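Reviewing the structure listed below.
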Amino acid sequence: MSAVVIGAKGSIGGACIRQLALAFQDVFALDLSDSGIPGTRSVTVDVTDPTSVAKALDEVEAVSPIEALIYAAGLNTTGYVEGIAWDDYERVMDVNLRGSFVVGAAMQTRIRNRPRACAFVFISSTAGLVGEAGGSVYCASKFGLRGFAQSFAAEIAQWQCRANTVCPGNVDSPMLSLLVDQIAERSGRTGQQVLEELAASTSLNRLISIDEVAKTCAWLVSPDSSGISGQTIVVDGPPPA
């Protein structure tokens with residue numbers, strides 16, 4: 001059976017690849033361009049294009065049926081609603097939300113035609129739990145992703161398939177670094193001030209690591225979580241006391 005990570009070139013996607021390689025013989029790294037990740041099979045895909053997704057999944061299933069899929073593709077943007085750059089809005093919604101629908105639809109058809117137990121994880125965010133000023137576009141896409149995954153889970157349960165979302169908090173990653181710079185520029189604070197504020201947003205008083213997220217995702221597509229579907233797992237500390 002095959003395991004697939006979509007968005008494999010991202011920091012979390014790459015960490016998921018490393019975790020899945022411990023449990024699956026065939027691990028496929030899907031992204032817009034060749035991932036170059038050792039020990040995996042690289043397949044190019046544009047998640048916003050149904051034809052591209054169908055071709056990529058067919059390439060994987062020519063080797064073996066997909067048993068685990070982690071959707072780690074994601075983009076971010078920041079800014080107040082009145083100043084939304086609509087091109088950025090479309091890009092974020094296309095990748096974060098539309099892409100999950102495109103992949104889910106393609107996989108549902110394949111499961112219907114070739115029944116097998118399959119587990120999905122869609123990576124959302126704590127920004128998909130609580131809205132925040134300046135984050136409306138990203139938050140909306142991640143809220144929507146959770147709704148999609150819950151509905152998808154209910155539809156695929158008839159084949160003993162599962163789908164869950166993982167909501168990381170502030171992850172120590174290149175995406176967060178870029179976001180910190182954007183928030184700092186908008187708010188008139190330094191990047192260090194913004195980063196310290198984000199790190200202090202939970203009682204752990206630190207950022208979440210990419211491996212903490214990846215290990216959670218790997219567990220959710222493993223038999224060890226066989227009774228969990230349609231759920232949201234938060235990888236973050238509790239709010240400050």
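Keep in mind that what you see is a predicted model, and the values were worked out from it rather than measured.
At least one donor-acceptor pair closer than 3.5 Å links the side chain of Gln231 to the backbone N or O of Ser229. No donor-acceptor pair closer than 3.5 Å links the side chain of Asp236 to the backbone N or O of Ile208.
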I'd like a table of donor-acceptor pairs (distance under 3.5 Å, sequence neighbours excluded) in which one partner is a side-chain atom from residues 36-50, with atom names and distances.
unit_1	atom_1	unit_2	atom_2	d
Thr40	OG1	Ile37	O	2.7
Ser42	OG	Asp34	OD1	3.1
Ser42	OG	Ser35	N	2.9
Asp46	OD1	Thr48	N	3.0
Asp46	OD1	Thr48	OG1	2.8
Asp46	OD2	Thr48	OG1	3.4
Asp49	OD1	Thr51	N	3.0

Donor-acceptor pairs are to be reported for all side-chain atoms of residues 120-127 against protein atoms at under 3.5 Å, with residues two or more places apart or in another chain.
unit_1	atom_1	unit_2	atom_2	d
Ser124	OG	Lys142	O	3.0
Ser125	OG	Ala127	N	2.9
Thr126	OG1	Pro168	O	3.4

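Residue Ser209 comes nearest to Arg206 through the heavy atom pair N-NH1, 4.4 Å, listed as atom of the first residue, atom of the second, then distance. Smallest separation of non-hydrogen atoms from Gly131 and Cys139: CA-SG, 4.0 Å. The nearest pair of heavy atoms linking Ala106 to Val53 is CB-CG1, 3.9 Å. In plain terms, the two heavy atoms of Ile210 and Ala15 that are nearest each other are O-CB, 4.0 Å. The two residues Ala29 and Ala8 make their nearest non-hydrogen contact at CB-CB, 3.5 Å.
Remark: Glu61 pairs with Arg116 by the salt bridge (charged side-chain N to carboxylate O under 4.0 Å, His left out) rule, at least two apart or across chains. Residues meeting the salt bridge (charged side-chain N to carboxylate O under 4.0 Å, His left out) test with Asp211, sequence neighbours left out: Arg18. By the side chain to side chain contact (heavy atoms under 4.5 Å, CB included) test, Asp224 pairs with Trp219, Ser222, sequence neighbours left out. Scored by the salt bridge (charged side-chain N to carboxylate O under 4.0 Å, His left out) test, Arg110 finds Asp58 as partners (sequence neighbours excluded). Among residues two or more places apart in sequence or in another chain, the side chain to side chain contact (heavy atoms under 4.5 Å, CB included) test is passed with Val81 by Ile84, Ser136. Not a single salt bridge (charged side-chain N to carboxylate O under 4.0 Å, His left out) links Arg114 to another residue, sequence neighbours left out. Take Ser201 and apply the side chain to side chain contact (heavy atoms under 4.5 Å, CB included) test, not counting sequence neighbours, and it matches Asn170. With sequence neighbours excluded, the residues satisfying side chain to side chain contact (heavy atoms under 4.5 Å, CB included) with Glu67 are Met1, Phe24.
The OH atom of Tyr71 sits 9.0 Å away from the CZ atom of Phe148 when rounded to the nearest 0.5 Å. Atom SG in Cys161 sits 4.0 Å away from atom CD1 in Ile111 (nearest 0.5 Å). Once rounded to the nearest 0.5 Å, the distance linking CD1 of Ile66 with CG of Asp26 reads 11.0 Å. With rounding to the nearest 0.5 Å, the separation of OG in Ser141 from CG in Leu97 is 7.0 Å. The structure places CG of Leu145 at 10.5 Å from CD of Gln150, a figure rounded to the nearest 0.5 Å. With rounding to the nearest 0.5 angstrom, the CD1 atom of Ile228 is 6.0 Å from the CG atom of Leu220.
Within the structure, side-chain hydrogen bond (donor to acceptor under 3.5 Å, both in side chains) pairs that include any residue of residues 76-87 comprise Thr78-Arg186 (at least two apart or interchain). Sequence neighbours left out, the pairs with a member in residues 151-169 that pass side-chain hydrogen bond (donor to acceptor under 3.5 Å, both in side chains) are Gln108-Glu155, Arg162-Ser225, Thr165-Thr232.
No chain of hydrophobic side-chain contacts below 4.5 Å, direct or via other Ile, Leu, Val, Met, Phe, Trp or Tyr residues, connects Val5 to Val103. The cluster map of Ile, Leu, Val, Met, Phe, Trp and Tyr, joined by side-chain heavy atoms under 4.5 Å apart, puts Phe152 and Val221 in different clusters. Criterion: ILVMFWY side-chain heavy atoms under 4.5 Å apart, direct or through other members. Under it, Leu207 and Ile12 are not part of a common hydrophobic cluster. Transitive grouping of hydrophobic side chains (ILVMFWY, heavy atoms separated by less than 4.5 Å) keeps Ile17 and Leu57 in distinct clusters. Leu32 is not connected to Val4 by any chain of hydrophobic side-chain contacts under 4.5 Å among Ile, Leu, Val, Met, Phe, Trp and Tyr, and they are in different clusters.
The 12-atom threshold is exceeded at CZ of Phe143, counting heavy atoms of other residues, nucleotides or ligands nearer than 6.0 Å.
Side-chain contact between Leu22 and Gln19: present, with at least one pair of heavy atoms (C-beta onward) separated by less than 4.5 Å.
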Tell me, with the steps shown, if Cys167 and Arg146 meet side chain to side chain contact (heavy atoms under 4.5 Å, CB included). CA-CA 9 Å; Cys167 288; Arg146 290 177 52 236; 3.9 Å; yes

Does Cys217 form a side chain to side chain contact (heavy atoms under 4.5 Å, CB included) with Val213? I'd like the steps, not just the answer. CA-CA 6 Å; Cys217 293; Val213 179; 4.3 Å; yes

Could you please spell out the steps behind the salt bridge (charged side-chain N to carboxylate O under 4.0 Å, His left out) verdict for Asp88 and Arg91? CA-CA 5 Å; Asp88 289 344; Arg91 286 190 314 110; 3.4 Å; yes

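Ile6 pairs in a side-chain contact (heavy atoms from CB on, under 4.5 Å) with only one of the listed residues (Ile70, Leu69, Asp31), which is Leu69.
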